[in-house]
Each structure stands twice: as structure tokens, then as C-alpha cells.
Amino acid sequence: MSSMPGIDNGLSLTLRTEQNDYIPLLSTVTGARVMVHGQNEPAFMDDGGFNLRPGVETSISMKKETLDRLGGNYGDCTNNGSDVPVTNLYHSKYTQQVCIRSCFQESMIKECGCAYIFYPRPKDVEYCDYWKHDSWGYCYYKLQDAFSSDRLGCFTKCRKPCSVTSYWLSAGYSRWPSVKSQDWIFQMLSLQNNYTIKNKRNGVAKLNIFFKELKYKTISESPSVTMVTLLSNLGSQWSLWFGSSVLSVVEMAELVFDLMVITFLMLLRRFRSRYWSPGRGRRGAQEVASTPASSLPSHVHPQSPSPTSSAPSPDTSLALTAPPPAYATLGPCPAPSSLAGASSSAFHPGEP
């Protein structure tokens, strides 16, 4: 824990390089390898980190930076790896390297029948052993070639996390210990750790890690075009190219609506005139012909000149049953021949 920035408030380590324990041809580098990572993230020394030189004091200043990506429709990332088809064997925070190594371990177990020694293994699965799996080495190198060419599909399955924390490092180096103080420092280190440093300067290294400043930088992704921005751009382009405003748009919408209503009414009128008007005259003639004279309106009945006049003759009653004109058609409606004869005989000059 650090509550203040600076080299005096950081972490100071004194490391023994143990060069005498190195195996020839397996390790040709002298020193130590250091990596800065989050506490809930596993350390993969092959992917990141830096080397420390023996006999040198290395001071590392850190600045924390957080990157928040947009998922969903804006990018292909995952929040916690629950939607990734790979089981997390490290039981830690999801990272892309954790997913890739878990995917390789699953392929190793499936193809070779045992787990690779440098990666975690699931329960009830044994690590590869030459006594039990004599051909696992050939299977591993064959699988490693398929993994490097992405034939296993691990790089496609494992997506980037939506939230990533990284540390930007800057290093400074100095000779350690100095010529004047090296005898005293080596003696104190031997007394404190019950360890005798034989090769002195080439056997130790010092590391200081501290925060440069107690603040961090956050980079967040946001949509470049939102709904408000889209409507604003549409309004600007509309005004630029058409020179109109909201009132003009409303008037145009009203014009389109009126044209639609007028077109609908004209089509409806044409439909009614085509399918309803031809039968209207015949039905009206039949209804009027079958209506008794007593049920006709008063202005249709012939009025007698006096109260003592006689009842209308049969010819007159026939004349009153003539069909009315067909107002729904352009031409006159032809009357039946019998009714036409009756109407012509009902009105002769000279008859009372």
C-alpha cells in the first residue's frame, strides 16, 4: 500500500541472481525478470515485463491507466468472460491471455490426453508424464504449431475485455552498490539473510518501484453518433440543401396527407359508382312499383277538385305507380311498356 508518491514510499527489493545455479544452454541471461500487473491478474512473464541487470539499481516509476471499451453493437469485447466459450482455468480476472492459455490447455487435454505442466489443469486430469504418456512431447509440438497458426481458433474465441488496466513504466539505472559502500553492504546482506555473497556485484541487483503520482488516467469509448447528434445533423443537412424549417416540413406533411385523403375519396367514389349505381335504378323501380298508392306522399296523390268528386279511376292509379326518374344515372330510366301505356291513356285532353 502506498499513500504518497516518490521513491521513498514505494517497494524496494534486493534480489540474488544465483548465477551458480544456472543450467548451461537453458538460460543464457543473467539477472531477474520483473513484471507489474494487477493483484487480481496472473503474471505472464513471457508476454510482458523487463529484465534487471546485476550490480545495478533500477528505479521504476509507474502511472496507472484504465481503458473502458464499448461492447454490444460498438465493439467485440466481453465484460467478465462469461459469454466466451472457453473455461477459465486460472480462477482469476478474465484477460485475453488467460483465455488463450486456457483454450490451449483444453486442446492439449483433448488431443494428447494430459495437461501441460506450465498451465493450470482441471480436476481429475493429470499432468503429462513420460512414464505414463510416452508420446506427449510429439503431440505438444504438433499442437503448438496448430496454435501458432490459429488453427485451434483460440485467438478467435478469446475476445478482448471491455475494461483493461495497464501501467506505464519509466526506468532509471545507477551503479549499485558504490565502490565505497560495497564491502559494508555485502557484509550487512550476509548477516541479515545468513547468506554469503561469493561473486559480490554480479550476484545481486536492487529494484525500486513507486508511483510517480497518485492519480490515474481513464480512457472511455463513447458513441460518435447519438440520436441527438443524428437528428441535429439531419436538420442541418435538410436546411442546407432544401432551405426549409420545421414549419415547412409540417406543411409538406399536411400536403401529403391531403393528397392521400383526396385520392382515397376519389377511389371510393369510383368504386361506389361502378359496383352500386347500376342496380340502384332497378331496385328503386321495383320498390316504387310494389308500393300501394295509399302509402305515397301527399303531394303525389291526385287532389279532387271538390269534396264531392268521385274516387280516381283505375287508369289514374296506374299512372301514379310509374317509377321516378333515375337520379343516380346520367340517362333517363326507361319505363315498362305497360306502365307507359297506362300513363299515356290517363291524361287525354278533354277528360275530366
Side-chain angles (χ1 to χ4, degrees), residues 1-67 90 92-102 104 116-120 144 147-148 154-155 158 160-161 163-179 181-182 185-186 189 193 195 197-219:
M1 300 296 295
S2 180
S3 58
M4 295 181 63
I7 189 172
D8 296 331
N9 301 288
L11 176 65
S12 181
L13 301 176
T14 302
L15 307 175
R16 295 196 300 263
T17 58
E18 302 288 352
Q19 295 189 35
N20 296 328
D21 297 335
Y22 286 6
I23 300 177
L25 303 179
L26 292 183
S27 178
T28 59
V29 179
T30 300
R33 190 168 182 86
V34 179
M35 180 180 178
V36 180
H37 59 91
Q39 296 182 359
N40 55 353
E41 299 176 4
F44 300 111
M45 309 302 294
D46 297 335
D47 299 333
F50 52 92
N51 295 328
L52 297 182
R53 179 182 173 183
V56 174
E57 180 181 3
T58 304
S59 299
I60 305 296
S61 61
M62 302 182 300
K63 288 195 302 183
K64 184 179 179 181
E65 184 174 294
T66 304
L67 173 61
Y90 286 84
S92 62
K93 180 182 178 181
Y94 175 87
T95 62
Q96 193 172 20
Q97 295 300 328
V98 165
C99 178
I100 290 175
R101 282 164 170 76
S102 299
F104 179 82
Y116 187 47
I117 188 63
F118 290 105
Y119 297 159
Q144 185 69 25
F147 173 77
S148 302
C154 293
F155 296 97
C158 297
K160 295 180 179 180
S163 180
V164 179
T165 301
S166 58
Y167 296 90
W168 293 94
L169 309 178
S170 58
Y173 307 94
S174 61
R175 180 184 176 91
W176 181 85
S178 63
V179 178
S181 60
Q182 61 181 355
I185 289 178
F186 291 148
L189 290 176
N193 300 280
Y195 177 79
I197 302 175
K198 298 179 180 180
N199 50 3
K200 295 185 177 181
R201 183 178 299 279
N202 294 330
V204 291
K206 189 173 182 180
L207 172 65
N208 298 317
I209 300 180
F210 58 93
F211 282 102
K212 186 176 182 180
E213 50 190 12
L214 289 182
K215 63 180 181 180
Y216 61 92
K217 182 179 181 181
T218 302
I219 302 175

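Quick caveat: nothing in here was measured; it's all calculated off a predicted structure. For reference, positions follow the sequence shown, starting with 1.
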All side-chain contact (heavy atoms from CB on, under 4.5 Å) counterparts of Pro5, not counting sequence neighbours =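 Counting only residues at least two positions away or on another chain, Pro5 forms a side-chain contact (heavy atoms from CB on, under 4.5 Å) with Leu214.
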Are there more than 12 heavy atoms of other residues, nucleotides or ligands under 6.0 Å from atom CE of Met4?
->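 Result for CE/Met4: open.
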Drop me the distance from [X]'s [atom1] to [Y]'s [atom2], to the nearest 0.5 angstrom.
{"X": "Ile7", "Y": "Asn208", "atom1": "CD1", "atom2": "CG", "value": "4.0 Å"}
{"X": "Ser2", "Y": "Leu11", "atom1": "OG", "atom2": "CG", "value": "10.0 Å"}
{"X": "Thr66", "Y": "Lys217", "atom1": "OG1", "atom2": "NZ", "value": "11.5 Å"}

Within the 4.5 Å heavy-atom criterion, are [X] and [Y] side-chain neighbours or not?
{"X": "Val34", "Y": "Thr58", "answer": "no"}
{"X": "Ser59", "Y": "Phe210", "answer": "yes"}
{"X": "Tyr94", "Y": "Cys158", "answer": "yes"}
{"X": "Val98", "Y": "Phe44", "answer": "yes"}
{"X": "Asn9", "Y": "Phe211", "answer": "no"}

Pairs satisfying side-chain hydrogen bond (donor to acceptor under 3.5 Å, both in side chains), at least one member in residues 47-56, at least two apart =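 Passing the test, one end in residues 47-56: Arg33-Asn51, Asp47-Arg101.
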Just do the ring pair (Phe, Tyr, Trp, His ring centres under 6.0 Å) check on Tyr90 and Tyr119 with the steps written out, would you?
-> CA-CA 8 Å; Tyr90 286 84; Tyr119 297 159; 7.0 Å; no
Residues two or more places apart in sequence or in another chain: which of them pass side-chain hydrogen bond (donor to acceptor under 3.5 Å, both in side chains) with Glu213?
->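 Here no residue qualifies.
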Keeping to residues at least two apart or across chains, list the ring pair (Phe, Tyr, Trp, His ring centres under 6.0 Å) pairs with something in residues 47-66.
->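 For residues 47-66, and leaving out neighbouring residues, there are no ring pair (Phe, Tyr, Trp, His ring centres under 6.0 Å) pairs at all.
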Would you kindly say whether the two SG atoms, from Cys99 and from Cys154, are closer than 2.5 Å?
->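 No.
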Asn40 versus Ser92, side-chain donor and acceptor atoms under 3.5 Å =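 No - no donor-acceptor pair under 3.5 Å links their side chains.
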Output side-chain donor-acceptor pairs under 3.5 Å for residues 164-173, partner residues at least two apart or in another chain, one line each.
residue, atom, partner, partner atom, Å
Trp168, NE1, Glu65, OE1, 2.9
Trp168, NE1, Glu65, OE2, 3.4
Ser170, OG, Ser61, OG, 2.4

Can you list the residues that meet the salt bridge (charged side-chain N to carboxylate O under 4.0 Å, His left out) rule with Glu41, with sequence neighbours excluded?
->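 By the salt bridge (charged side-chain N to carboxylate O under 4.0 Å, His left out) rule, Glu41 matches Lys93.
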